[in-house]
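Contents: one structure, followed by commentary.
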Amino acid sequence: MLVPSPELMYWKEECMSPPSCLIQQLDHLVLTVKSTEDTVAFYSKVLGMEVVTFKGNHKALHFGNQKFNLHEAGKEFEPKARCPVPGSADICLITQVPLDQLLDLMKAWGVIIEEGPVARTGAMGPIKSIYFQNPNENLIKVSRYSTGMTAINRGEP
């Protein structure tokens with residue numbers, strides 16, 4: 001894998017000012033998983049994501065306007081992250097379902113809640129969150145925005 005030499009990393013220069021944001025939204029994220037079958041079952045049954053098959057038998061989990069593409073460890077396809085491993089993701093998903101209702105559903109499926117509901121700060125303001133591990137030991141946070149939010153407040157995990 002080619003790594004640029006430090007003298008070619010112009011983005012590190014202090015004298016260069018950043019452009020306005022060039023990114024509109026996230027399209028998809030690749031999750032490296034231990035078992036595609038277990039991951040598909042968890043996300044489709046517990047969180048209601050739609051399973052999509054593409055390029056042969058590759059699987060993705062579709063929700064809203066985005067998706068998780070699944071790469072099984074040891075069977076990744078190119079290009080890929082330098083060190084793809086299961087259990088290295090920490091993801092926040094947004095729901096409109098009241099968290100008490102979501103907690104009841106999670107408990108019914110046997111999902112162990114690690115923390116929450118707790119107050120946090122999302123990309124667009126205050127959120128309440130619950131935390132749990134998926135079958136690949138990724139930390140998943142499902143959050144709901146507080147009603148009546150008006151200010152964008154950034155900086156909290």
Side-chain angles (χ1 to χ4, degrees), residues 1 18 20-157:
M1 171 150 316
S20 57
C21 189
L22 304 176
I23 305 303
Q24 181 181 3
Q25 67 187 34
L26 178 69
D27 180 79
H28 70 276
L29 180 75
V30 175
L31 288 178
T32 302
V33 301
K34 295 179 200 175
S35 164
T36 301
E37 184 180 340
D38 289 349
T39 303
V40 162
F42 179 83
Y43 281 96
S44 63
K45 290 179 180 177
V46 176
L47 296 177
M49 293 184 181
E50 177 189 358
V51 180
V52 177
T53 303
F54 66 102
K55 283 191 176 183
N57 198 29
H58 295 297
K59 300 292 184 199
L61 299 159
H62 189 265
F63 57 101
N65 292 322
Q66 52 278 322
K67 64 179 180 167
F68 293 148
N69 286 349
L70 305 178
H71 288 195
E72 195 159 310
K75 300 177 187 174
E76 302 90 357
F77 44 98
E78 300 293 337
K80 65 179 185 278
R82 187 166 299 154
C83 300
V85 293
S88 61
D90 184 337
I91 302 168
C92 179
L93 303 171
I94 300 299
T95 187
Q96 293 182 353
V97 174
L99 289 187
D100 290 342
Q101 183 180 344
L102 186 62
L103 281 169
D104 290 343
L105 291 168
M106 303 293 269
K107 289 176 184 172
W109 282 108
V111 176
I112 298 167
I113 304 301
E114 291 192 4
E115 187 176 2
V118 293
R120 295 288 189 255
T121 303
M124 298 188 308
I127 54 178
K128 290 264 173 125
S129 305
I130 59 171
Y131 292 81
F132 56 91
Q133 303 279 329
N134 72 5
N136 302 291
E137 300 175 0
N138 293 306
L139 182 64
I140 306 300
K141 176 186 352 180
V142 176
S143 304
R144 183 171 183 196
Y145 275 98
S146 303
T147 56
M149 66 177 185
T150 56
I152 294 178
N153 184 7
R154 299 180 184 191
E156 188 177 319

Worked check of side-chain contact (heavy atoms from CB on, under 4.5 Å) between T32 and V85: CA-CA 6 Å; T32 302; V85 293; 5.7 Å; no

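- Among residues two or more places apart in sequence or in another chain, the side chain to side chain donor-acceptor pair (under 3.5 Å) test is passed with K34 by E137.
- A distance of 9.5 Å separates OH in Y145 from OG1 in T121, rounded to the nearest 0.5 Å.
- Side chain of N138 to main chain of D90: no donor-acceptor pair is present (N/O by atom type, distance under 3.5 Å, no hydrogens or angles).
- Across K67 and A60, no two heavy atoms sit closer than the pair CD-CB, 3.9 Å.
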Quick one: side chains of residues 42-54, donor-acceptor pairs under 3.5 Å with protein atoms, not counting sequence neighbours, listed by atom name and distance.
{"residue": "Y43", "atom": "OH", "partner": "N134", "partner atom": "ND2", "Å": "2.8"}
{"residue": "S44", "atom": "OG", "partner": "V40", "partner atom": "O", "Å": "2.6"}
{"residue": "S44", "atom": "OG", "partner": "A41", "partner atom": "O", "Å": "3.4"}
{"residue": "T53", "atom": "OG1", "partner": "K59", "partner atom": "NZ", "Å": "2.8"}

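- In this structure the side chain of I91 reaches within 4.5 angstrom of the side chain of F68, judged on heavy atoms.
- In this structure, the separation between CG on L93 and CZ on R144 is 15.5 Å, given to the nearest 0.5 Å.
- Applying the 6.0 Å contact sphere to CD1 of I112 captures no more than 12 heavy atoms from other residues, nucleotides or ligands.
- For the atom pair D27 CG and N69 CG, the distance stands at 8.5 Å (nearest 0.5 Å).
- The two residues S129 and L99 have their closest heavy-atom pair at N-CD1, 3.9 Å.
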CA sep, side-chain torsions, deciding dist, call: K55, F77, side-chain contact (heavy atoms from CB on, under 4.5 Å): CA-CA 11 Å; K55 283 191 176 183; F77 44 98; 5.6 Å; no

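- Listed here is the closest heavy atom pair of T36 and E72: OG1-OE1, 2.9 Å.
- Within a 6.0 Å radius of CD in E37, other residues, nucleotides and ligands contribute 12 heavy atoms or fewer.
- Contact check for I127 versus C92: side-chain heavy atoms found under the 4.5 Å cut-off.
- Annotation: side chain of L102 is in contact with side chain of I130 (closest heavy-atom distance under 4.5 Å).
- Taking CE from M106 and CG from D104, the interatomic distance works out to 11.5 Å, rounded to the nearest 0.5 Å.
- With E76 contributing its side chain and H71 its backbone, the two residues share no donor-acceptor pair below 3.5 Å.
- Within a 6.0 Å radius of CD in Q24, other residues, nucleotides and ligands contribute 12 heavy atoms or fewer.
- G64 and H62 get closest at one heavy-atom pair: O-CE1, 3.1 Å.
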Test side-chain contact (heavy atoms from CB on, under 4.5 Å) applied to D38 and V33, step by step: CA-CA 9 Å; D38 289 349; V33 301; over 6 Å; no

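- We find the CG-CG distance between L70 and N136 to be 8.5 Å, quoted to the nearest 0.5 Å.
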